[in-house]
Amino acid sequence: MKTRDSKVPGIVSVTSGKGGVGKTFITCNLAAALVRNGEKILVVDGDLGLANIDIMLGVNPRNNLKDVIFGKMGIRDIIVPTKGGFDLVPSSSGVREMAQLLFEKVESVKEMIRSLRGYDKIILDTGAGISEVVLQFNLLASRNIIVINKELTSLTDAYAMIKTMYQVFGRSGFGIIVNCTADDREGDEIYRHISSICEKFLNIRPNYLGSILDDSSVPKSILQQQIAVLSAPKSRISQNFQHITKMISSWRV
Amino acid sequence: MTPNKKPGRMKEQTRIAALENGSGRQNSLSAPLNSRKSRKSAISPALLDGLSEADRNRLGDNSVNVPGMLLRRIAEVEKENRRLKSLLLTDDLTGLYNRRFFLTQLEIEISRAKRTGQSCCLMMIDCDNFKLINDTVGHDGGDRFLKKIGRLIRDNLRSTDFVCRYGGDEFAVIMPDTHLPEGVIIAERLLKSISLVRVKKDLRVSASIGIAAYDVFSEKTATDFFKESDLELYRAKERGRNRISHPALAAMARRETTAVGPEEKMALYRIRKKK
């Protein structure tokens with residue numbers, strides 16, 4: 001039996017192509033839900049240019065990835081605990097050099113993340129777009145969770161992301177979460193749309209993880225820097241996250 | 001052979017001599033060894049077997065470091081062990097991995113694909129006209145042909161791929177960390193190389209290839225995956241041989257850049273509009 005300290009964690013990324021679809025919200029809640037299920041989780045803020053997980057969680061870390069990449073700190077030195085029960089590797093916001101990291105620097109960050117031990121899973125929250133940093137973080141993960149919503153632009157961007165990851169890097173381990181749905185049926189429909197197109201044009205079928213209901217309490221909880229699955233554990237969206245957690249736990253990463 | 005005075009010893013030496021004669025070597029354990037009984041008796045006869053004549057002669061020489069020779073002998077035995085083990089895993093005729101190895105490795109590669117999220121490909125290759133070749137050039141010629149094809153397959157694949165002889169004229173290749181488009185490109189290259197082989201003047205060779213990629217989300221077993229690739233091989237034969245079949249034939253006909261094309265955009269928009 002391996003002890004937890006030496007365990008090699010499974011790495012999962014949360015990505016979307018389009019911005020503003022709820023990647024960071026989903027990352028935080030997913031991480032908190034996994035922690036509630038007894039897993040030890042580390043979240044890495046992979047949006048190196050405009051990091052904001054720390055803001056979402058109301059933490060104000062002194063150091064971040066910038067001090068690791070351009071300073072002398074180790075990645076372990078900057079890890080902070082959060083109220084979600086998971087640990088966080090914070091990143092920087094508004095640092096131009098971080099937004100345009102050179103390839104070698106990205107590789108060294110990847111290597112540092114890969115060398116981390118003592119967690120069941122590492123969740124990488126990537127930035128928007130399909131910049132090299134985003135693609136490299138997705139490549140580091142063994143599964144890519146693609147967040148979409150009902151907007152056509154989100155669908156197209158998500159498809160472009162899947163197509164790029166598949167054709168350029170040969171990745172096919174995608175999971176889909178549909179955010180902001182009116183009901184479960186709408187989530188299923190949107191998933192089927194994108195899945196059928198992936199099957200037709202790429203011959204791959206992404207895994208459906210589930211949908212998150214459009215809940216008016218969400219913007220408020222974000223404003224109060226709360227994590228929905230913890231502040232309202234009985235709510236519908238907490239149930240949504242529980243379901244997704246179950247799907248993810250079944251992955252043998 | 002000089003008779004030995006100790007009966008037990010003699011028995012051993014006779015056995016060794018018999019072994020040696022059997023393997024056609026001319027070595028003898030006689031005179032030099034018998035002249036130095038004390039040292040010789042410290043060495044197990046089994047270890048002596050296989051030493052060169054020069055080494056045996058040196059055993060009689062006090063300046064020789066006996067433990068050093070023993071170490072070398074142990075290394076030789078180890079080497080032989082490895083050879084025997086490799087016999088378990090490889091095919092006699094072609095030197096490729098055998099079916100037993102193939103089945104074990106396929107399980108390993110599937111677990112790896114599940115863990116890393118990087119799919120692997122399985123390629124099944126079958127010669128189209130092996131029977132005709134056998135009938136034309138005889139069984140020995142057929143064997144030489146299989147060897148040649150085996151070598152050709154190995155040369156066309158990468159050092160990380162596992163090339164196995166599945167049986168008869170059927171070969172299986174496990175391609176770790178490979179997605180379908182990549183696997184298909186390699187299969188196409190291989191098909192072309194095979195088509196250039198000539199067994200005799202005017203006796204052309206071709207093969208059919210079935211290839212599939214492992215879906216990392218599926219719960220497919222190694223057997224399922226094998227059947228899937230084998231079915232593709234069957235389809236390649238059905239469609240007229242000398243070709244490749246894979247599950248994405250239709251999708252890959254539109255091989256292009258990663259840009260989302262107009263067709264795809266239409267599909268994305270049309271479906272959503274129906275709502």
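Per chain, numbering begins at 1; letters A, B, ... match sequence-line order.
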Look at atom CZ of R158(B) and say whether more than 12 heavy atoms of other residues, nucleotides or ligands are closer to it than 6.0 Å. yes
Do Y269(B) and T156(A) have side chains that get closer than 4.5 Å, going by heavy atoms? yes
With rounding to the nearest 0.5 angstrom, report the CG to CG distance, L202(A) to L180(B). 11.5 Å
Which pairs count as salt bridge (charged side-chain N to carboxylate O under 4.0 Å, His left out) when at least one residue sits in residues 146-156 of chain B, sequence neighbours excluded? none
So how far is it from E264(B) CD to K200(A) NZ, rounded to the nearest 0.5 Å? 9.0 Å
Which bit of R171(A) is near chain B, if near means a heavy-atom gap under 4.5 Å: side chain, backbone, both or neither? both
Do any of residues 203-230 of chain B come closer than 4.5 Å to chain A, heavy atom to heavy atom, and if so which ones, in number order? V216(B), F217(B), E219(B)
Minimum heavy-atom separation for S142(A) to T116(B), with atom names? CB-O, 3.1 Å
Surrounding CZ of R185(A) (heavy atoms of other residues, nucleotides or ligands, distance under 6.0 Å), is the total greater than 12? no
Using every non-hydrogen atom in the two residues, find where Q118(B) and F169(A) come nearest and quote the distance to one decimal. NE2-O, 3.4 Å
Approximate separation, where rounding is to 0.5 Å, of E182(B) CD and Q167(A) CD: 12.5 Å
